[in-house]
Structures are given as structure tokens and as C-alpha cells.
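These numbers come from the heavy atoms of this one structure, side chains and all, not from hydrogens, waters or symmetry mates. Residue numbering restarts at 1 for every chain, and letters A, B, ... go by the order of the sequence lines. Everything quoted here is computed from the prediction, not taken from an experiment.
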There are 2 protein chains.
Amino acid sequence: MNLKQLSEHLKLSQTTVSRALNGYPEVSEATRQRVMKAARDLHYSPNLRAKGLATGRAQAIGHVLPISTQHEMVNPIFGDFISGAGQAYAGAGYEIVISLVGDDDEEAAYRNIRLRGSVDGIIVHGPRMKDPRIPLLTELGLPFVVHGRASQIDTPYSWLDTNNLRAFTRATEFLLDLGHRRIGLINGLEFMDFAFRRREGYVTALTARGLAPDPALMRSGEMTEVYGFRSAQEMLAGPDAPTAFLASSMIAALGVRRAIHAAGLEMGRDVSVITHDDDLGYLGNGQDVPLFTATRSSVRAAGTRAAEMLLQLIREPGHPPLTQMMEAELIIGSSTGPARR
Amino acid sequence: MNLKQLSEHLKLSQTTVSRALNGYPEVSEATRQRVMKAARDLHYSPNLRAKGLATGRAQAIGHVLPISTQHEMVNPIFGDFISGAGQAYAGAGYEIVISLVGDDDEEAAYRNIRLRGSVDGIIVHGPRMKDPRIPLLTELGLPFVVHGRASQIDTPYSWLDTNNLRAFTRATEFLLDLGHRRIGLINGLEFMDFAFRRREGYVTALTARGLAPDPALMRSGEMTEVYGFRSAQEMLAGPDAPTAFLASSMIAALGVRRAIHAAGLEMGRDVSVITHDDDLGYLGNGQDVPLFTATRSSVRAAGTRAAEMLLQLIREPGHPPLTQMMEAELIIGSSTGPARR
DNA sequence: TTGAAAGCGCTAACAC
DNA sequence: GTGTTAGCGCTTTCAA
């Protein structure tokens with residue numbers, strides 16, 4: 001069933017039917033009702049491609065996932081984020097288009113997204129500290145919102161981010177307050193902006209207490225379990241081993257726990273661990289588990305919010321950039337208890 | 001830059017340019033080269049919407065995620081699966097469209113996907129045992145491939161699935177061989193097909209050894225850490241506590257480990273745990289961690305394969321259904337060691 | 001308040 | 001081998 005068929009069925013012109021369906025004021029209320037009813041009864045659903053061609057709007061939002069040989073993992077929160085975003089799009093009649101972009105031909109890929117015209121705006125995922133996509137997209141004039149930030153870019157752009165610096169500052173302070181002086185940092189890849197900011201938070205807290213950050217206690221890598229295990233194992237084997245760890249992901253923290261166990265130590269007695277867990281939001285309520293967390297529902301909320309921001313930018317071209325900071329919750333469970341030092 | 005402009009620039013008709021670009025044989029090689037070069041130089045990229053309108057093909061594949069109030073989590077492997085699928089699509093020039101479908105208006109949603117014409121085929125995620133989407137899509141004539149299966153549906157359809165039954169049969173047998181007789185099953189929601197089959201595997205292995213499955217040792221729920229913790233805690237507190245656990249997800253297994261620890265027991269000495277981990281494929285190599293695993297790369301491979309299957313079905317309408325079974329790897333690490341009973 | 005007609009960017013008969 | 005022309009399904013002037 002297409003517009004033409006529907007209009008013939010109703011003995012009206014396509015124009016009138018189209019107007020009735022799209023809420024134009026000039027159709028009489030009677031016709032509108034009649035059209036609406038027929039559309040429903042006959043299961044009419046407009047062809048988005050045709051509509052897009054005619055209007056120049058795609059009625060779709062692109063979510064771009066950078067796929068790199070250096071960091072192969074797709075962030076597991078992606079599903080939750082997109083499900084939140086989907087909620088915002090659904091109301092506005094937008095579809096979601098996923099684009100996977102390798103780091104080899106990044107510029108061409110984004111230019112093509114623009115030229116192909118299949119999206120009206122995009123959400124940029126996984127920003128690096130000096131992400132070239134931001135000036136590029138600005139130049140291309142394609143509305144976009146970054147999920148995260150790029151610390152080394154000064155020109156204004158729209159973003160929504162978790163306060164990673166503050167989260168790690170607080171976590172570090174918490175451990176310092178418990179008396180820890182040697183705290184291992186098991187961080188993500190630090191060319192990724194979120195990881196860079198987390199380290200900044202860690203370093204900030206240490207230096208504020210007059211402690212010099214020790215490079216031997218800082219690791220940066222792709223956050224797998226094995227990475228967490230090896231990093232913690234090396235630190236624990238070294239001279240002046242850490243009495244606490246700050247892990248940038250639940251998975252890496254799993255490895256850290258295993259290393260602690262393998263060293264014959266006990267979590268919460270000999271060694272404390274705090275995890276930042278926005279990469280596994282569905283952990284539950286974190287009961288008894290010490291962590292900073294962006295829970296599933298907050299990741300979803302972030303997705304919805306980012307989508308709303310983007311839709312606003314699309315609706316109002318020329319609108320100045322929108323930004324939003326989300327604070328991470330700090331949940332400290334019993335097993336963090338003061339470590340024996 | 002569109003076709004018209006490009007053709008004017010080249011002083012050729014749109015037709016010829018279109019043919020040259022799309023590999024039709026009737027253009028002379030010289031013209032084709034000239035056209036290709038100009039297209040590259042001028043950053044020409046065809047408008048997919050217009051192309052789709054003209055051809056009737058959308059050049060896009062839909063991935064449909066069921067969003068339910070009963071199981072809110074988006075499977076974290078989704079990102080990896082789609083990144084694998086994306087690779088297959090990229091080569092064929094397809095885009096990825098994500099649709100989130102609630103369980104309230106499922107039928108209407110799928111009908112609309114069909115009518116809107118924005119995808120040429122879909123991948124169905126998260127199948128339930130008797131999933132109504134399968135007969136519906138068959139009726140609609142929209143090519144589809146199910147990621148997983150629906151045990152209670154007999155009519156043939158295309159699917160790609162992990163051998164969950166076999167994985168859990170083997171895991172259970174492994175524990176039985178170690179001398180365990182009381183094995184707790186921490187399973188996913190059993191109206192989901194994967195969870196149903198996993199229980200079948202567990203039950204099969206027990207009964208084959210003449211053991212009756214004990215309902216007190218079987219749990220079904222959404223796989224959070226808290227769920228694993230509570231389930232294991234209850235079982236351990238009961239009379240005749242289990243000496244081993246089989247957990248359907250890494251996250252739930254985390255909770256199980258915590259419950260074991262809280263009960264004053266030790267993993268690998270008092271209690272063994274095996275995890276099926278296709279929901280967290282990026283765990284690493286599982287070294288020292290006992291688990292069945294669909295690794296990140298295998299999840300990705302599954303995505304690629306499912307996509308290839310779908311593309312074939314789209315290319316050859318009327319092709320009989322394709323099916324593919326993937327075997328889970330069994331990785332047993334040292335900490336599984338025979339339990340003291 | 002309604003309709004006729006042009007056009008969005010592209011493909012595909014059908015000529016030549 | 002290349003060009004002309006008529007759509008694909010919809011929106012949007014312009015006219016009535």
C-alpha cells in the first residue's frame with residue numbers, strides 16, 4: 001500500500017492525503033479523519049526512502065563506531081546506550097544507522113556518510129584526545145554529538161560525557177583516606193579520552209596529597225581480563241607492591257582479583273580494589289562490590305539524552321553546541337574495608 | 001556532487017556514468033576509467049536513498065533487538081556481533097539499520113519494517129522458544145536470519161546458533177567426572193531459547209548418569225551479578241549444598257564467586273565453577289579461568305557468517321533456508337581443579 | 001480546501 | 001557504446 005493506492009482508494013489526490021497525514025493545516029478536519037482511518041485500516045506506512053528523497057531529510061541518525069586494530073573491542077555498553085537513544089528517536093520517527101569506521105580511511109568514511117545522505121546527524125563514539133573527526137564534522141556541517149569528549153580540542157562542539165576525572169579523583173582520595181599510599185592504576189588505552197581523564201583524576205588526587213605518581217604503578221592497555229591479571233601480577237611482584245588498585249573496568253578488575261588471589265593475598269584484607277564500571281552497567285546494584293558505576297539505567301539515560309541533544313541540533317540548524325556532564329555514582333561495599341598495610 | 005553534476009562535468013549522459021560506475025559491461029573501458037577517476041577526484045558518492053527508490057532495494061540490513069520489560073539487558077556481545085556483520089555488509093555496500101522493538105506491539109513493528117522498505121532483510125536477535133516473529137517474517141516474505149533458534153518452531157527457517165546444549169552437556173559431564181554430584185545451575189531466563197537449551201544439556205548429562213535433576217539446584221533469571229550472588233548463596237545455605245556451579249554468564253558467575261567467598265569456602269578447593277561466557281567474549285584467552293567461551297573473535301565471526309547468509313538469501317530469492325551451528329570452545333583452567341567433597 | 005504537475009537522484013527499458 | 005525517457009513514492013510549489 002503506497003500513497004498513490006491510498007489516495008485512489010479514498011478518491012482524493014496524493015497531495016491531499018499527504019497533507020492530511022503530515023498534519024498540514026489546510027485539510028478539513030473531516031477529510032483528515034477519513035484519511036487517517038483509511039491509512040490505519042489499510043496498514044499504510046510511508047516509504048522512508050521516497051520521503052527522504054523528496055524532503056532531503058533522511059529521517060535517520062548515524063551512530064559511528066570506530067573500529068581500530070589498536071583497540072578492537074566494541075564497548076559493551078554500546079547496546080544500552082543505543083537502546084536509550086532509540087527511545088528518543090522512536091518518538092521523532094527516526095531510524096538508527098550504524099556505521100563501522102576503521103582508522104585507515106576515517107576522513108573519507110565520514111565524508112561519504114555526509115554525501116550518501118542517509119543520515120541527518122551522527123553520534124560519535126569513542127573519542128580520542130585529539131580526535132580529528134570533530135573538526136572534520138564541523139567543517140562538513142553535519143550535526144553531531146560526541147559521546148565523551150576530546151581534551152585537546154578547543155573549538156566548541158556538542159558532547160555528553162561522564163565526569164571521569166572527578167570519579168577517579170574521588171576513588172583515589174577514598175583509598176588515600178583509608179591509609180593507602182601505593183595505589184596501582186589499571187587504566188584503559190590513554191589515547192582514548194576517557195582513560196586520559198581518569199589518569200588525570202588519579203594523578204590529581206595523589207599530587208594534592210603531596211605524593212608523586214609512580215610510573216611503575218600505572219598501566220594503560222586494552223581492558224581485558226588478562227591485561228588486568230598481568231598488570232597486577234607485575235606490580236605485586238615488584239618491590240614496594242601496591243596495597244590497593246584502581247581498575248578502569250570490571251573485566252580488568254576480574255584479572256586484578258585473580259592476581260591478588262594468586263599472590264596468596266586476600267581482597268579487602270591485604271589489598272583493596274575499586275573498579276570504575278561504566279563498561280558493564282548491568283552489574284546490578286553493586287551490593288558489597290566497591291565500584292564507581294554508570295549503571296545500566298544511567299547509560300541508557302545518557303543515550304536518550306545524547307539523542308535528544310542531537311535531534312534539537314537537527315531541528316534548529318545553527319544552534320550553538322550543547323554539552324552535558326554526567327556524574328558517576330560512587331558505591332562502596334563492605335569488601336573495600338581498610339586494608340592491612 | 002550528484003550523478004547529474006558528474007555527468008555534466010564529464011559531458012556524458014547520466015546513464016553512461018551510472019553504468020560505468022555500476023560495472024555494466026556495455027561501457028567502453030576507456031570511458032569507465034575516465035568516469036571512475038572523475039568520481040574519485042570529485043568525491044562523488046551516490047545517494048543511497050535515490051538509488052534505493054529506483055531499484056527497489058534499500059541497500060540496508062535491519063538488526064532487530066527485542067526490548068522487553070522482562071529482560072531489559074541488551075546482550076553485551078551485540079557490539080561484537082554487529083561489528084562482524086558490518087564487515088560482510090561493507091563489501092556488499094549495505095548499511096546497518098538498528099530497530100528496537102518492544103514486546104507490546106511486536107507484530108505491527110515488523111510489518112512496518114517491511115512496509116517502510118528501509119531494509120532488504122533482517123537479522124533477528126534474542127529468539128524465544130516459540131518466537132512468533134519467525135512465522136510472521138516468513139509470511140511477510142522478508143528475508144531473515146535468526147541469531148539463535150526457536151526450539152518450538154518446526155517450520156524451516158534460517159538460523160545461526162551456538163551449540164548450547166552440547167556446551168552444557170560437556171560442562172556438566174566434566175564436573176561429574178571430577179566427582180561432583182550436586183551441581184548448581186545458574187541459568188538465564190528460560191523462555192529465551194539459548195537458556196532453555198542450556199538447561200536441556202545440563203539435565204541430559206545428569207540423567208545419562210542416573211542422577212535426577214534437583215529443582216533446588218536450578219535457577220533461571222536475568223543474568224546480573226546480584227542474581228548470581230543470591231542464587232548461589234541460597235543454594236549454599238540449603239541442606240546438601242552444591243559442590244560445583246555451572247553459570248550461564250560471566251557476570252552471574254562473578255556473583256557466584258562472591259557467594260562462595262562469603263560462605264567461607266574457597267573456589268577450586270571446596271567449590272568448582274564453570275562459566276559459559278558468550279556474553280562477554282572479550283574476556284581474553286581465559287587462561288586459568290574455567291569457562292566455555294565464545295570468544296570475541298568467534299562472536300565476530302558469527303556476525304560475519306550470519307550476515308553472509310542473509311546476503312545470500314537476498315541475492316537468491318526463493319533459496320531454501322540456511323542453517324549453521326557453531327561449537328563453543330571448552331577451556332578449563334587450573335582453578336577448576338577437583339573439588340574436595 | 002483541494003488538485004495538477006514538477007522534481008528529489010538514481011536506474012532501467014528502449015532506442016539509436 | 002551511448003543517449004532518451006519514464007518512472008521509483010513522496011513532497012511541494014502553484015493554480016484553482
Rounded off to whole Å, could you give me the [atom1]-to-[atom2] distance for the [X] and [N] pair?
X: B:L21; N: C:dG9; atom1: CG; atom2: P; answer: 16 Å
X: B:K11; N: D:dG1; atom1: NZ; atom2: C1'; answer: 20 Å
X: B:Q59; N: C:dG9; atom1: CD; atom2: C1'; answer: 15 Å
X: B:L12; N: D:dT4; atom1: CG; atom2: P; answer: 11 Å
X: A:L10; N: C:dT2; atom1: CG; atom2: P; answer: 12 Å

- Query: Does the B:R49 side chain pair with the main chain of A:G117, one donor and one acceptor, at a distance under 3.5 Å?
  - Reply: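 Yes, the answer is positive, given that a donor and an acceptor are paired below the 3.5 Å cut-off.
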- Query: Would a distance-only check, ignoring hydrogens and angles, find a side-chain to backbone donor-acceptor pair under 3.5 Å from B:N22 to B:Y24?
  - Reply: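 Not a single qualifying donor-acceptor pair exists.
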- What one-letter contact string describes nucleotides 8-16 of chain D from 5' to 3', where B marks a base within less than 4.0 Å of any protein heavy atom, S marks contact via sugar-phosphate atoms alone, and - marks no contact? BBBBBB---
- Query: Could you give all pairs that pass the salt bridge (charged side-chain N to carboxylate O under 4.0 Å, His left out) test and reach residues 144-157 of chain B, with sequence neighbours left out?
  - Reply: B:R149-B:D161
- Message: Restricting to side-chain hydrogen bond (donor to acceptor under 3.5 Å, both in side chains), what partner residues turn up for A:H63, sequence neighbours left out?
- Response: A:Y89, A:H125
- Do A:V119 and B:E95 come within less than 4.5 Å of each other through their side chains, counting heavy atoms only? no
- Message: Using a 6.0 Å cut-off, check whether atom CZ of A:R32 has over 12 heavy atoms from anything other than its own residue.
- Response: yes
- Query: With respect to the phosphate group of D:dG1, does any side-chain polar atom (N or O) of B:T16 fall under 4.0 Å of OP1 or OP2?
  - Reply: no
